[in-house]
Amino acid sequence: MQTGQLWDIFCTVIDNHGDLGVCWRLTRQLRDAGQRVRLWVDDASALAWMAPTAHQKPGIEVRPWADASQASTLQALSPADVWVEAFGCTLPEAFVAHAVNTRAKPPTWINLEYLSAEDWVPRMHQLPSPVMSGPAKGWTKTFFYPGFTPDTGGLLRETDLLERQQKFDLVKRSAWREQHAPQLSPGGLLISLFCYEPAALPQLLAQLVGTPHHLLVTPGRPLAAVQQALAGMAVPPSWSALPYTDQNGFDEMLWACDLNFVRGEDSLVRALLAGQPFIWHIYPQDDNAHHDKLEAFLDWMQAPESLRKAHRVWNGIEASELPTLDDKLLADWTACVQTAKQHLSNQQDLVRQLVMHTGTPPQTD
């Protein structure tokens, strides 16, 4: 039975599903911490494959964003203890106005920001932000910044994650690889690809030609990018396409592969926690602000020069050749990622910090 606080999480889907992925993961983990959650989202269609049983989870309600502006819906709502405004989305004015007119006191209002390793993040974390206009003028939000160091909000990490991965490695990893990549030759690397449209993709595909390695391509933009790049190649590498999967299935892919190409925020965190070597395709910004963000992350990870170069080339920052994949390279990258994973395991996760910030101790089994 869920006896914790009631949370309203608001999420808008921009051009990919990363924001929804983070918000659904946050929703799940809050529920597992004994909280009750209403997730308001303007496009929940991706939950059909990301979380097929989302509407059947006790303690969780998935609500259409538009309903938060409907008077009939608002009148029937129990007031939430906590509001989470995810990634700069603006709460519907009618929802806020209804709360102002009907509540005895404001909720704890959290502005959940994007993930960054830049040095300004600890200074901004948990700063108050007075509401200066609109129905809630005089109320206060709090900036909450996820991050990689103890003086930030931490990362989303399930309490049983390590146990699940160890069980997978012991019982299921070999079978997963045989099922999803029967073409993999002995001694070959199994590589997953989840990306946007990297300029260096043809380089990667060309490097894999004639090797025992096998590339697993995730659906959507990665598959379209690979198909376009292959059209210009006389001889393709060994590759195959994966179907859509839920979040647990995505974790299993990261655990099973020897090298993971990931994109965006949620999959970066999952790749870090998986402990396998990876290359991150950061979300590109028009003003190239993502360049500094990427360098800050590589600095935090204390990445070796070969891994830094791979990231810069993959993200179009450096016009050069991708490093050649070999055993020594992968060993260096693995050691780096494992060290970073260990640092993170000693820090409080995002959900625990959020729940403690709201004044309610998280429940444990």
Side-chain angles (χ1 to χ4, degrees), residues 16 18 21 115-117 148 155 181 188-209 211 213-226 229 237-239 242 250-251 253-285 288 290-341 344:
N16 293 289
L115 174 66
S116 178
F148 303 96
L155 302 175
L189 298 173
L190 187 57
I191 304 169
S192 74
L193 182 69
F194 182 52
C195 60
Y196 301 112
E197 293 82 21
L201 179 58
Q203 273 196 53
L204 173 66
L205 298 177
Q207 185 181 141
L208 297 180
V209 172
T211 71
H213 311 326
H214 185 78
L215 184 68
L216 292 174
V217 182
T218 55
R221 292 175 67 174
L223 179 58
V226 166
S238 175
W239 76 284
L242 291 172
F250 189 81
D251 280 338
M253 178 194 75
L254 297 176
W255 300 340
C257 288
D258 304 298
L259 173 64
N260 296 300
F261 287 80
V262 296
R263 79 178 196 206
E265 179 174 318
D266 185 56
S267 67
L268 166 66
V269 173
R270 305 314 291 187
L272 265 172
L273 298 178
Q276 297 289 79
F278 65 87
I279 296 175
W280 178 33
H281 197 180
I282 190 171
Y283 185 80
Q285 296 173 266
N288 288 334
H290 60 291
H291 291 190
D292 290 341
K293 187 173 180 178
L294 177 61
E295 292 296 332
F297 170 72
L298 294 172
D299 286 344
W300 167 80
M301 199 165 60
Q302 298 183 337
E305 184 55 38
S306 60
L307 187 54
R308 291 173 185 266
K309 180 175 182 177
H311 275 85
R312 291 169 186 150
V313 173
W314 191 245
N315 283 277
I317 297 172
E318 179 180 325
S320 184
E321 296 294 319
L322 285 170
T324 301
L325 300 176
D326 58 36
D327 291 344
K328 182 182 185 309
L329 194 77
L330 267 292
D332 289 345
W333 293 3
T334 300
C336 172
V337 176
Q338 284 288 334
T339 299
K341 177 182 178 180
L344 294 174

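Every value quoted in this text rests on a predicted model; they were computed, and no experiment measured them. Residue numbers run from 1 in the order of the sequence given.
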Exercise. Listed by chain and number, what are the side-chain hydrogen bond (donor to acceptor under 3.5 Å, both in side chains) partners of H281, not counting sequence neighbours?
Worked result: none
Seminar exercise, completed: residues 272-283 vs salt bridge (Lys or Arg N to Asp or Glu O under 4.0 Å), sequence neighbours excluded, gives none
Exercise. For L216 and A181, which heavy atoms make the closest approach, and how far apart are they?
Worked result: CD2-CB, 4.3 Å
Seminar exercise, completed: In terms of heavy-atom contacts, V226 and L201 come closest through N-CD2, 3.8 Å
For this session: Sort and list the pairs that fulfil side-chain hydrogen bond (donor to acceptor under 3.5 Å, both in side chains) and have at least one residue in residues 188-208, not counting sequence neighbours.
Result: S192-N260, E197-R221
Exercise. Rounded to the nearest 0.5 Å, what separation is found between the CG atom of L272 and the CZ atom of F278?
Worked result: 4.0 Å
Exercise. Does D292 have any salt bridge (Lys or Arg N to Asp or Glu O under 4.0 Å) partners at least two apart in sequence or in another chain, and if so, which?
Worked result: none
Problem set entry | Residue pairs passing the salt bridge (Lys or Arg N to Asp or Glu O under 4.0 Å) test where at least one lies in residues 266-276, sequence neighbours excluded | R25-D266, E158-R270, D251-R270
Exercise. Are any of the side-chain heavy atoms of R308 and D299 separated by less than 4.5 Å?
Worked result: yes
For this session: For residues L254 and L273, determine if any side-chain heavy atom of one lies less than 4.5 Å from a side-chain heavy atom of the other.
Result: no
Exercise. In Å, rounded to the nearest 0.5 Å, how long is the span from NZ of K293 to OH of Y283?
Worked result: 11.0 Å
For this session: Using a 4.5 Å cut-off on heavy atoms from C-beta on, say whether the side chain of H213 contacts that of P237.
Result: no
Exercise. Looking at residues at least two apart in the chain, or sitting in another chain, which of them share a side-chain hydrogen bond (donor to acceptor under 3.5 Å, both in side chains) with S267?
Worked result: none
Exercise. L330 versus L259: any side-chain heavy-atom pair under 4.5 Å?
Worked result: yes
Exercise. In Å, rounded to the nearest 0.5 Å, how long is the span from CG of L242 to CG of L215?
Worked result: 9.0 Å
Problem set entry | Min side-chain heavy-atom separation H290-N288 under 4.5 Å | yes
For this session: Might you point out which heavy atoms bring L115 and L155 nearest each other, and give the distance in Å?
Result: CD1-CD2, 3.6 Å
For this session: Could you tell me whether the side chain of H311 reaches within less than 4.5 Å of the side chain of I282, counting heavy atoms only?
Result: no
Problem set entry | Qualifying side-chain hydrogen bond (donor to acceptor under 3.5 Å, both in side chains) pairs with a residue from residues 316-326, counting only residues at least two apart or across chains | K309-S320
Exercise. Which value, rounded to the nearest 0.5 Å, describes the distance between L205 atom CG and L193 atom CG?
Worked result: 8.0 Å
Exercise. Taking only residues two or more places apart in sequence or in another chain, which ones pass ring-ring contact (aromatic ring centres under 6.0 Å, His included) with F261?
Worked result: W314
Exercise. Residues two or more places apart in sequence or in another chain: which of them pass side-chain contact (heavy atoms from CB on, under 4.5 Å) with A117?
Worked result: F148, A296, F297, W300
Problem set entry | Residue pair T334 / G275: nearest heavy atoms and the distance that separates them | CG2-O, 4.4 Å
Problem set entry | Euclidean distance, Q302 CD relative to L307 CG, rounded to 0.5 Å | 12.5 Å
For this session: Kindly say whether Q276 contributes a backbone atom to a donor-acceptor pair with the side chain of K341 at under 3.5 angstrom?
Result: no
For this session: Go through the structure and list residues passing side-chain hydrogen bond (donor to acceptor under 3.5 Å, both in side chains) with S306, not counting sequence neighbours.
Result: W333
Exercise. Is L325 close to I191 at the side-chain level, that is, under 4.5 Å between some pair of heavy atoms?
Worked result: yes
For this session: Decide yes or no for E295 and R312: does some side-chain heavy atom of the first lie under 4.5 Å from some side-chain heavy atom of the second?
Result: yes
Problem set entry | With D258 via salt bridge (Lys or Arg N to Asp or Glu O under 4.0 Å) - residues at least two apart | R173, R177
Seminar exercise, completed: W239 meets the side-chain hydrogen bond (donor to acceptor under 3.5 Å, both in side chains) criterion, sequence neighbours left out, with none
